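Take a look at the structure set out below.
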Protein chains: 2
Amino acid sequence: MDIQLKRGLLEVCVLAAIADEDSYGYKIIKDMKPYIELSESTLYTILKRLETADMLSVRTAEHEGRLRKYYHITRAGRKRIEEFKSDWTEMLSIYRFVTKEDESHVKDNISCGP
Amino acid sequence: MDIQLKRGLLEVCVLAAIADEDSYGYKIIKDMKPYIELSESTLYTILKRLETADMLSVRTAEHEGRLRKYYHITRAGRKRIEEFKSDWTEMLSIYRFVTKEDESHVKDNISCGP
DNA sequence: TGCCATACCTCGCGTTACGATGTATTACGC
DNA sequence: GCGTAATACATCGTAACGCGAGGTATGGCA
């Protein structure tokens, strides 16, 4: 998949990976892998960025002698996901522009969005 | 709209803007405006990039005393658009991951893609 | 004459993904 | 016991990219 296309998705995917329950770096990568792959260096950069933006909070806990940093999504983080959903509508419109799909009959379709 | 999300779309949108008929910088911006906005500096960077990648060819022509550079999409350019369409399938899968949409019933939907 | 629209272009900056690299512990095969 | 893989974290430098700021030039209109 095109790297540039990934850029807008990575951040929100990380948030989605911790939305249901708190998670930690290594697990986030594994959970995301079937959908979108990212390197560890990228993830930790993103996690730090999201923490600075108050979209997640961090809690360090010990698990079988090894320390783990659990990430918890905040209200701002959930808001970010909602914003992504709005952006998706725009994305669809752009997709149609690129594929020259006729927009007039689109309303007859079951939308791909919310 | 999120800047990062735009990144993967800009290039392919420019190609789409010249796919039906040859066009020039100023017109491309205007045609794209209803769907996605980009500055002149961004466009000319993209046009140069696409030219280097042989996804479009350039022809200079005079129009009412003013010179215009007309851009023409190449076979590689059209291939790029096709690749974008394939990527879209992946995008949809990622979208569902983020929105926690159940994928099991998706096949019952009329897809948003090709 | 001044100003806006048209039409092109360049430079520098900030953001971002990622490979390379490093540290440390547990688990498992040989 | 020892090497290797998996787990788990982190940093640094690089390259790509969008964009604001700025530049050049012509045509049309008030």
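Here the structure is a predicted model, which is why all the values come from computation and not from measurement. Below, chain A is the first sequence line, B the second, and so on; all start at residue 1.
Between A:Glu51 and A:Lys48, no side-chain nitrogen of the basic residue sits less than 4.0 Å from a carboxylate oxygen of the acidic one, so the salt-bridge criterion is not met. At a threshold of 4.0 Å, the pair B:Lys85-B:Glu82 counts as salt-bridged, since one of the basic side-chain nitrogens sits closer than that to a carboxylate oxygen. At a threshold of 4.0 Å, the pair A:Glu62-A:Arg68 does not count as salt-bridged, since none of the basic side-chain nitrogens sits closer than that to a carboxylate oxygen.
Listed pair A:Tyr24 / D:dC9 fails the phosphate criterion, with no side-chain N or O lying under 4.0 Å from OP1 or OP2. Note on B:Tyr44: a side-chain N or O is less than 4.0 Å away from OP1 or OP2 of C:dC8. Dashed line: the shortest gap from a side-chain N or O of B:Lys48 to OP1 or OP2 of C:dC9 is not under 4.0 Å. Within the structure, every side-chain polar atom (N or O) of A:Lys27 is placed at least 4.0 Å from both OP1 and OP2 of D:dT7.
In the helix from C:dT1-D:dA30 to C:dC30-D:dG1, the end axes, each obtained as the rotation axis mapping the C1' atoms of four pairs onto the next four within a five-pair block, lie 10° apart to the nearest 10 degrees.
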Determine, stepwise, if the pair A:Asp2 / A:Lys6 fulfils salt bridge (Lys or Arg N to Asp or Glu O under 4.0 Å).
CA-CA 7 Å; A:Asp2 179 44; A:Lys6 273 177 71 174; over 6 Å; no
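With no hydrogens or angles considered, a side-chain donor-acceptor pair links A:Ser39 and A:Thr42 at under 3.5 Å.
In this pair, A:Tyr24 and A:Tyr70 present their aromatic rings perpendicular. The plane angle is above 60°, beyond the 30 to 60° band.
When the P atom of D:dT7 is taken as reference, atom CG of A:Asp31 falls 12 Å away, rounded to whole Å. A:Leu5 places its CG atom 19 Å from the P atom of D:dA16, with the value rounded to the nearest Å. Atom pair A:Leu47:CG and C:dC18:C1' shows a separation of 15 Å (rounding to whole Å applied). Atom CD1 of A:Ile28 is separated from atom P of D:dT7 by 15 Å (rounded to the nearest Å). Per the geometry, CD1 belonging to B:Ile29 stands 11 Å off P belonging to C:dA7, to the nearest Å. Residue B:Leu43 contributes atom CG, which lies 11 Å from atom C1' of C:dA7 at whole-angstrom precision.
Each of A:Leu15 and A:Tyr26 belongs to its own hydrophobic cluster when Ile, Leu, Val, Met, Phe, Trp and Tyr are linked at side-chain heavy-atom distances under 4.5 angstrom.
No donor-acceptor pair closer than 3.5 Å links the side chain of A:Ser23 to the backbone N or O of A:Ile18. Of the possible polar contacts, none joining the A:Ser93 side chain to the B:Tyr35 backbone as a donor-acceptor pair under 3.5 Å is found.
A cation-pi arrangement is present between B:Lys100 and B:Phe97, with the terminal nitrogen or guanidinium carbon under 6.0 Å from the aromatic centre and inside a 45° cone about the axis.
Residues from residues 59-76 of chain A lying near DNA chain C, meaning a heavy-atom separation below 4.0 Å, are A:Glu64, A:Arg66 in numerical order.
Atom CG of A:Leu92 is separated from atom CZ of A:Arg96 by 5.5 Å, given to the nearest 0.5 angstrom.
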Just the atom pairs and distances: protein N or O near nucleotides 18-21 of chain D's N or O, under 3.5 Å.
unit_1, atom_1, unit_2, atom_2, d
D:dG18, OP2, B:Arg49, NH1, 3.1
D:dG18, OP2, B:Arg49, NH2, 3.0
D:dC19, OP1, B:Lys6, NZ, 2.9
D:dC19, OP2, B:Thr42, OG1, 3.0
D:dG20, N7, B:Ser41, OG, 2.9
D:dG20, O6, B:Ser41, OG, 3.1

